[in-house]
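As the structure is a prediction and not an experimental result, all values here were calculated from the model.
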Amino acid sequence: QNLQMQQNLQMQQNLQMQQNLQMQQNLQMQQNLQMRQKLLDMQFQIIQNNQNIINFQNNQMNNQNNFQIMQNKGFINMNNQNNIINNNFSNYSQLYSNEMTNKSIKLLELHNLKGKENDFFPKKGLNNVGLTCYMNSTLQCLLHIAELNYFFSNLYNEFKNTHYDIIKKTESKGKLSEEYKKVLDGVISEEKSGNFFARIISDSFSPSAFNNLICRLNPQFAKYESNDARDLIIYLLQEIHEELNYNGGKKLDKIPSCNQLNEDDAFRFFYKVNSELNFSIISYLFWGIVKQTTICSQCHKQLYNFQYFQYLSFSLYNYTNIRFNFYRGLKDYIKPELLQGDNQFYCQFCRGLRNATVESKIFYPSPYLLINLDYGKDKKYNPKEIDFGSTVVITKEFLNNNIPEAYYDLVAVSTHIGSSGNAGHYIAFCKDPSDEEIWHKFNDSSHSLCKFEETYKYSPYLLIFKKKNNFK
């Protein structure tokens, strides 16, 4: 019996040893698998980093090639830099004035419209031609920009005659600008004439031809449903810019980046490249410039870059139970951006992917400032909690060094009633150029006078501000 017990005990011990050995082997296999997976992950990361480096180097080569192509084709001439001066606001404004003179001396007439705005201020509604309140409201905002109206009334035909070859190269063949001018002529023709009877029987204009053209050019607006006014105004400004671009026909698949260690060099590069590619009445009125400074978290080197902005979009759905205003929106719009994770920055000095911070400052506040208020899909924000007022200021904290604060007056606003930008109803309000206390309400074909406080009843969606001393 004792022998049997010893044998049983020995068998149990052997079994336990086998089990322990098996567990150790299993554990070792798991550890080996984990180690192998880590090695594979490291190898994959190395391959990915190498690919990112290769992509960066290829982009650098493409930038250099594109830049060389532009020089060879005569788009830019970096040898002539006498007029390219430091990044000073007043100097940049002078550069723009010089550019205007080079394009057409008559463009300088846009600086002398003060007191003449009433000649280009339509007071007629636009007929709804089938769920087109979004289009009517957008058009009314643009039709009440004096400088834009002056260009189409006095300078457009000259541009069309002297730049016919450029217009025909655009996708829309200049048709959009042509139809826009017809709408403008339609809403101001009787206003400027002495025909009292015509003014009485024709207090609105039908933009059906303009609407039909928009639908043909862009299928997004072809559906028989209400569309988003923001999408339309962005589309109109971009397409009209292309049609009226004095430098039209000079295209690149990709515009070279102007990332430079020296801020002045970055601006010189940006200005020379872009001034030879883009110049129109639209870019002149609406395009501002942002300076971006990318700071590597490891070596702390700084790279400078400049970019145009054509409008500002403020997201209201990030705010709850907070009174929203221009200052909050601008602060959120240009807040520093952290590049990390899959969006790391390749530092050409560290020669590797690094975390980085991108800081933005407004370098050139545009003469007109277009702002879109994004309510999100559900549009739950209460319009009574929006406090924009009729004037806003871009203060020093948002501006590049040595640039004076920019003061703006609200001149037009497209308001909205409904659950989203694609549903509901749009109404436009435009400030009278001769009396700041009077606003004009355009509800499709209906036109009436009101006070600015009337706009508080609706949700502001698109706002157009005009800078005081707007070309300085």
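- Checking Tyr333, Phe314, Phe398 one by one against Tyr327, the ring-ring contact (aromatic ring centres under 6.0 Å, His included) holds for a single residue, Phe398.
- Side-chain atoms of Leu369 and Phe326, non-hydrogen and from C-beta on, do get closer than 4.5 Å to each other.
- Tyr458 and Phe429 have tilted rings, their planes meeting at an angle from 30° to 60° on a 0 to 90° scale.
- With hydrogens and angles disregarded, a donor-acceptor distance shorter than 3.5 Å links the side chain of Asn136 to the backbone of Leu126.
- A donor-acceptor pair under 3.5 Å is absent between the side-chain atoms of Ser153 and the main chain of Tyr150, judged by distance alone.
- No hydrogens or angles considered: a donor-acceptor pair under 3.5 Å links the side chains of Glu147 and Tyr368.
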* With side-chain contact (heavy atoms from CB on, under 4.5 Å) as the test, would you mind laying out the steps for Leu148 and Ile282 before giving the verdict? => CA-CA 8 Å; Leu148 190 59; Ile282 300 299; 4.0 Å; yes
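- The minimum heavy-atom distance linking Ser206 with Asn127 is given by the pair CB-ND2, 3.6 Å.
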* To do: Verify side-chain hydrogen bond (donor to acceptor under 3.5 Å, both in side chains) between Tyr456 and Glu454, making sure each step is shown before the conclusion.
  => CA-CA 5 Å; Tyr456 294 156; Glu454 175 80 8; over 6 Å; no
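- Within 6.0 Å of the NZ atom in Lys175, the count of heavy atoms belonging to other residues, nucleotides or ligands does not exceed 12.
- Geometrically, Lys182 does not engage Tyr156 in a cation-pi contact, judged by NZ or CZ lying under 6.0 Å from the ring centre and within 45° of the ring axis.
- Around CD of Gln340, the count of heavy atoms belonging to other residues, nucleotides or ligands within 6.0 Å exceeds 12.
- A donor-acceptor pair under 3.5 Å is absent between the side-chain atoms of Lys124 and the main chain of Ile188, judged by distance alone.
- Under the ring-ring contact (aromatic ring centres under 6.0 Å, His included) test applied with Trp287, the options Phe363, Phe306, Tyr308 reduce to a single match, Tyr308.
- Between Ile427 and Asp444 there is no side-chain heavy-atom pair separated by less than 4.5 Å.
- Asn443 contributes no side-chain N or O that, together with a main-chain N or O of Ala428, makes up a donor-acceptor pair within less than 3.5 Å.
- With 3.5 Å as the limit, one finds no donor-acceptor pair spanning the side chains of Ser459 and His416.
- Put simply, CD1 on Ile240 and OH on Tyr235 are 9.5 Å apart, with the number rounded to the nearest 0.5 Å.
- The environment of NZ in Lys331 is sparse: at most 12 heavy-atom neighbours from other residues, nucleotides or ligands sit within 6.0 Å.
- Side-chain atoms of Lys396 never come within 3.5 Å of backbone atoms of Asn401 as a donor-acceptor pair (strictly under, hydrogens ignored).
- For Phe121 and His144, the distance between ring centers is under 6.0 angstrom.
- Between Glu178 and Tyr180, the side chains place no donor N or O within less than 3.5 Å of an acceptor N or O (distance only, hydrogens not considered).
- The two atoms that bring Leu463 and Val413 nearest to each other are CG-CG2, 4.0 Å, heavy atoms only.
- By the neighbour-count criterion of 12 heavy atoms within 6.0 Å, atom NZ of Lys361 is densely surrounded, having more than that number from other residues, nucleotides or ligands.
- The aromatic rings of His163 and Phe159 sit parallel to each other, their planes meeting at less than 30°, with 60° as the upper class boundary.
- Salt-bridge check for Lys291 with Glu359: failed, with every basic side-chain N at 4.0 Å or more from each acidic carboxylate O.
- With a 4.5 Å cut-off on side-chain heavy atoms, Lys160 and Ile167 count as touching.
- Of all heavy-atom pairs spanning Ile394 and Leu399, the tightest one is O-CD1, 3.4 Å.
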* To do: Could you give me the CA-CA distance, side-chain angles and deciding distance for Lys181 and Asp185, then say whether side-chain contact (heavy atoms from CB on, under 4.5 Å) is met?
  => CA-CA 6 Å; Lys181 186 181 187 307; Asp185 291 343; 3.0 Å; yes
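- The backbone N or O of Met135 lies less than 3.5 Å from no partner atom in the side chain of Thr132, so there is not a single donor-acceptor pair.
- How far OH of Tyr408 is from OG of Ser390: 15.5 Å, rounded to the nearest 0.5 Å.
- To the nearest 0.5 Å, the span separating CD on Gln348 from CZ on Arg354 amounts to 13.0 Å.
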* Determine, step by step, whether Ile386 and Leu373 satisfy the side-chain contact (heavy atoms from CB on, under 4.5 Å) criterion, reporting the C-alpha distance in whole Å, the side-chain angles of both residues, the deciding distance to 0.1 Å, and the verdict. => CA-CA 10 Å; Ile386 300 173; Leu373 299 185; 4.2 Å; yes
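- When every heavy atom of Ala356 is checked against every heavy atom of Phe345, the shortest pair comes out as CB-CB, 3.7 Å.
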* Asked: Are Asp231 and Gln220 close enough, and set up right, to give a side-chain hydrogen bond (donor to acceptor under 3.5 Å, both in side chains), and what steps lead you there?
  -> CA-CA 9 Å; Asp231 297 340; Gln220 175 184 352; 3.1 Å; yes
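- Under the 4.5 Å side-chain criterion, counting only non-hydrogen atoms from C-beta, Leu339 is in contact with Glu337.
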* Let me see the working for Thr170 and Glu242 under side-chain hydrogen bond (donor to acceptor under 3.5 Å, both in side chains), right down to the final yes or no. => CA-CA 7 Å; Thr170 63; Glu242 292 293 335; over 6 Å; no
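- Listed here is the closest heavy atom pair of Leu410 and Trp439: O-CH2, 3.5 Å.
- Within the 4.5 Å cutoff, the side chain of Ile371 has heavy atoms near those of the Phe465 side chain.
- Residues Leu244 and Ile166 form no side-chain contact, since every pair of their non-hydrogen atoms from C-beta on lies 4.5 Å or further apart.
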* From CA spacing to verdict: side-chain hydrogen bond (donor to acceptor under 3.5 Å, both in side chains), Tyr461, Asp228 -> CA-CA 10 Å; Tyr461 193 58; Asp228 195 315; 2.7 Å; yes
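- Two residues are said to be in side-chain contact when any heavy atoms from C-beta on lie closer than 4.5 Å; Asp409 and Lys431 meet this criterion.
- Within 6.0 Å of the OH atom in Tyr311, the count of heavy atoms belonging to other residues, nucleotides or ligands does not exceed 12.
- In this structure a side-chain-to-backbone donor-acceptor pair under 3.5 Å is missing from Ser137 to Tyr134.
- With Lys467 contributing its side chain and Pro365 its backbone, the two residues share a donor-acceptor pair below 3.5 Å.
- The minimum heavy-atom distance between Lys169 and Asp165, with the atom names listed, is CG-O, 3.3 Å.
- Of the possible donor and acceptor atoms, one in the side chain of Asn128 sits under 3.5 Å from a partner among the backbone N and O of Leu131.
- Between Ile145 and Ile464, the closest side-chain pair of non-hydrogen atoms falls below 4.5 Å.
- The residue from His440, Lys123, Gln140 that alone fulfils the side chain to side chain donor-acceptor pair (under 3.5 Å) condition with His447 is His440.
- Rounding to the nearest 0.5 Å gives a distance of 11.0 Å between CZ of Arg216 and CG of Leu176.
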* To do: For Ser366 and Phe286, run side-chain contact (heavy atoms from CB on, under 4.5 Å): C-alpha distance rounded to whole Å, both residues' side-chain angles, the deciding distance at 0.1 Å, then the answer.
  => CA-CA 6 Å; Ser366 51; Phe286 289 98; 5.7 Å; no
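- Remark: Leu217 CG to Lys173 NZ distance equals 11.5 Å, nearest 0.5 Å.
- Under a 3.5 Å cut-off, the side chain of Asn245 and the backbone N or O of His241 do not form any donor-acceptor pair.
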